[in-house]
Amino acid sequence: TSALMARAFSLGHQEVPTSLSGCKRCCDSLDVPETSEGSLGGDRPQALPFVMPEVRPYINITILKVGRKKALHSNEGYQALIFDTVFVNLYSHFDMFKGKFYCYVAGLYFFSLNVHTWNFKETYMHVMRNDQEEVILYAQPSDRSIMQSQSLMLELRENDEVWVRLYKRQRDNAIYSDDVDVYITFSGYLIKPSLE
């Protein structure tokens, strides 16, 4: 009958026996009381193995969130964006003087860049991995300023560097901010560490 049937659950790696006389929950003790063969009936199996679920909570902890209160005009071809405000800088992996995040834990990361454009000025920026452009954040000159954002996921190795670079072409390249509010932010966190 269906009452005598048991299923095997593949939710983890540790097998423990459970009797058909009661429910076994993942939070119950692993110690199973011994039962005599006759207590369940002669034709009923004494216990069937099932796979105990393995609970491993993983919380994505923000590792960096920095901002800038000062506006910036790029005055050379390439210019690193330096930040002046720290919201979160876990373990100081972000160097505020160089404007670079240094990877000490290899794995998959998420990064996000938010800026406020400047009226009638171009906004041309790259999120960089080491010396390689990964994504661009761009806004054409306009008579109105807007908030612009870019995000990406990167598989980083130990000692990789992630930073933001302004690129000046023929047009005036700038991002807007003031001394009161934070219009420019850069954030990132570890999604999953490498298994190696």
Side-chain angles (χ1 to χ4, degrees), residues 12-14 53-118 121-140 145-179 181-196:
H13 303 291
Q14 185 178 8
E54 208 174 287
V55 180
R56 292 183 179 181
Y58 185 82
I59 302 172
N60 291 334
I61 299 175
T62 301
I63 54 170
L64 78 98
K65 176 85 173 187
V66 292
R68 182 181 173 99
K69 288 186 175 181
K70 296 179 181 177
L72 181 64
H73 287 77
S74 60
N75 54 13
E76 52 189 68
Y78 297 109
Q79 181 179 358
L81 179 58
I82 305 299
F83 298 88
D84 55 27
T85 303
V86 177
F87 296 103
V88 178
N89 189 7
L90 197 61
Y91 309 120
S92 300
H93 289 181
F94 188 84
D95 188 325
M96 294 294 290
F97 296 102
K98 295 182 179 179
K100 292 185 176 183
F101 167 73
Y102 293 91
C103 177
Y104 291 94
V105 180
L108 182 64
Y109 286 78
F110 176 84
F111 292 96
S112 176
L113 172 65
N114 297 278
V115 302
H116 193 280
T117 65
W118 201 312
K121 299 183 188 299
E122 185 176 54
T123 300
Y124 197 123
M125 312 173 75
H126 291 107
V127 177
M128 307 286 294
R129 173 172 33 188
N130 302 323
D131 294 325
Q132 176 66 41
E133 303 97 342
E134 293 294 340
V135 293
I136 186 173
L137 185 150
Y138 179 78
Q140 292 181 332
S145 59
I146 59 171
M147 293 297 294
Q148 193 83 330
S149 66
Q150 179 63 279
S151 60
L152 74 159
M153 286 190 289
L154 289 174
E155 185 77 34
L156 298 183
R157 297 177 180 175
E158 191 174 348
N159 298 320
D160 276 349
E161 303 171 3
V162 179
W163 53 291
V164 181
R165 182 184 77 181
L166 278 80
Y167 175 48
K168 183 178 180 181
R169 302 189 297 175
Q170 293 81 13
R171 297 172 176 170
D172 194 11
N173 185 15
I175 48 178
Y176 176 82
S177 194
D178 58 36
D179 294 331
D181 297 312
V182 179
Y183 288 90
I184 304 160
T185 61
F186 183 56
S187 60
Y189 59 83
L190 176 64
I191 297 174
K192 183 179 183 297
S194 294
L195 299 177
E196 300 175 359

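Below, all heavy atoms of this structure are taken into account, side chains as well, without hydrogens, waters or symmetry copies. Positions are given from 1, in the same order as the sequence printed here.
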Cationic N near anionic O, under 4.0 Å, Glu161 to Lys98
no
So CG of Asp160 and CG of Leu154: to nearest 0.5 Å the spacing works out to 8.5 Å
Q) Do the charged groups of Asp84 and Lys69 touch, with an N to O distance under 4.0 Å? A) no
Rounded to the nearest 0.5 Å, the CZ atom of Phe87 sits from the OG atom of Ser187 at a distance of 10.0 Å
Residues Ala71 and Trp118: closest non-hydrogen pair is CB-CZ3, 3.3 Å
Practice problem: Begin with the C-alpha distance, continue with both residues' side-chain angles, and end with the deciding distance and a verdict on side-chain contact (heavy atoms from CB on, under 4.5 Å) for Leu137 and Thr123. | Solution: CA-CA 7 Å; Leu137 185 150; Thr123 300; 3.9 Å; yes
Review point. Side chain of Asn114, backbone of Ile184: donor and acceptor closer than 3.5 Å?
Key: no
Minimal heavy-atom distance between His73 and Ala174, with the atoms involved, is CD2-CB, 3.6 Å
Exercise for review: Any chance you could lay out the side-chain contact (heavy atoms from CB on, under 4.5 Å) test for Leu72 and Leu166, step after step, and finish with the verdict?
Suggested key: CA-CA 9 Å; Leu72 181 64; Leu166 278 80; 3.8 Å; yes
Aromatic ring centroids of Tyr176 and His116 under 6.0 Å?
yes
For this session: Evaluate the criterion side-chain contact (heavy atoms from CB on, under 4.5 Å) for residue pair Val115 and Met147; output intermediate values, then yes/no.
Result: CA-CA 6 Å; Val115 302; Met147 293 297 294; over 6 Å; no
Output for pair (Gln150 CD, His126 NE2), nearest 0.5 Å, gives 10.5 Å
**Prompt:** With side chains defined as the heavy atoms from C-beta onward, is the minimum distance between Glu158 and Ser194 less than 4.5 Å?
**Reply:** no
For this session: Could you tell me whether the side chain of Gln79 reaches within less than 4.5 Å of the side chain of Ser74, counting heavy atoms only?
Result: yes
To the nearest 0.5 Å, atom NZ of Lys100 lies from atom CG of Leu81 at 12.5 Å
message = Could you check, using the six-membered ring where one of them is a Trp, whether Phe101 and Phe111 have ring centers closer than 6.0 angstrom?
response = yes
Q.
Less than 4.5 Å apart, side chain to side chain, heavy atoms only: is that true for Val127 and Leu152?
A. yes
Plane angle bin for Phe186 and Phe83 - parallel if under 30°, tilted between 30 and 60°, otherwise perpendicular: parallel
Exercise for review: Decide yes or no for Met153 and Leu108: does some side-chain heavy atom of the first lie under 4.5 Å from some side-chain heavy atom of the second?
Suggested key: yes
Would you say Met96 has more than 12 foreign heavy atoms packed within less than 6.0 Å of its CE? yes
Query - Short side-chain donor-acceptor distance under 3.5 Å, Glu122 and Tyr138 - result: yes
- Message: Does Met128 form a side-chain contact (heavy atoms from CB on, under 4.5 Å) with Glu133? I'd like the steps, not just the answer.
- Response: CA-CA 5 Å; Met128 307 286 294; Glu133 303 97 342; 3.6 Å; yes
- Message: Under a 3.5 Å distance rule, please check whether Asp95 uses its side chain to pair with a backbone N or O of Phe97 as donor and acceptor.
- Response: yes
request  = Could you tell me whether the side chain of Asn130 reaches within less than 4.5 Å of the side chain of Gln132, counting heavy atoms only?
outcome  = no
Note to self: With heavy-atom distances below 4.5 Å as the criterion, would you say the side chains of His93 and Ile63 are in contact?
What the structure shows: no
Rounded to the nearest 0.5 angstrom, the CG-NZ distance for Asn173 and Lys121 is 10.0 Å
The residue among Tyr167, Tyr124, Trp163 that forms ring-ring contact (aromatic ring centres under 6.0 Å, His included) with Tyr78 is Tyr167
field: Other residues, nucleotides, ligands: >12 heavy atoms within 6.0 Å of Asp131 CG
entry: no
Exercise. Are the aromatic rings of Tyr189 and Tyr109 close, with centres under 6.0 Å apart?
Worked result: no
Whether the side chain of Arg68 engages the backbone of Thr85 through a donor-acceptor N/O pair (distance < 3.5 Å, no angle test) should be reported. no
- prompt: Do side-chain atoms of Thr117 reach the backbone of Ala139 as a donor and acceptor pair under 3.5 angstrom?
  reply: no
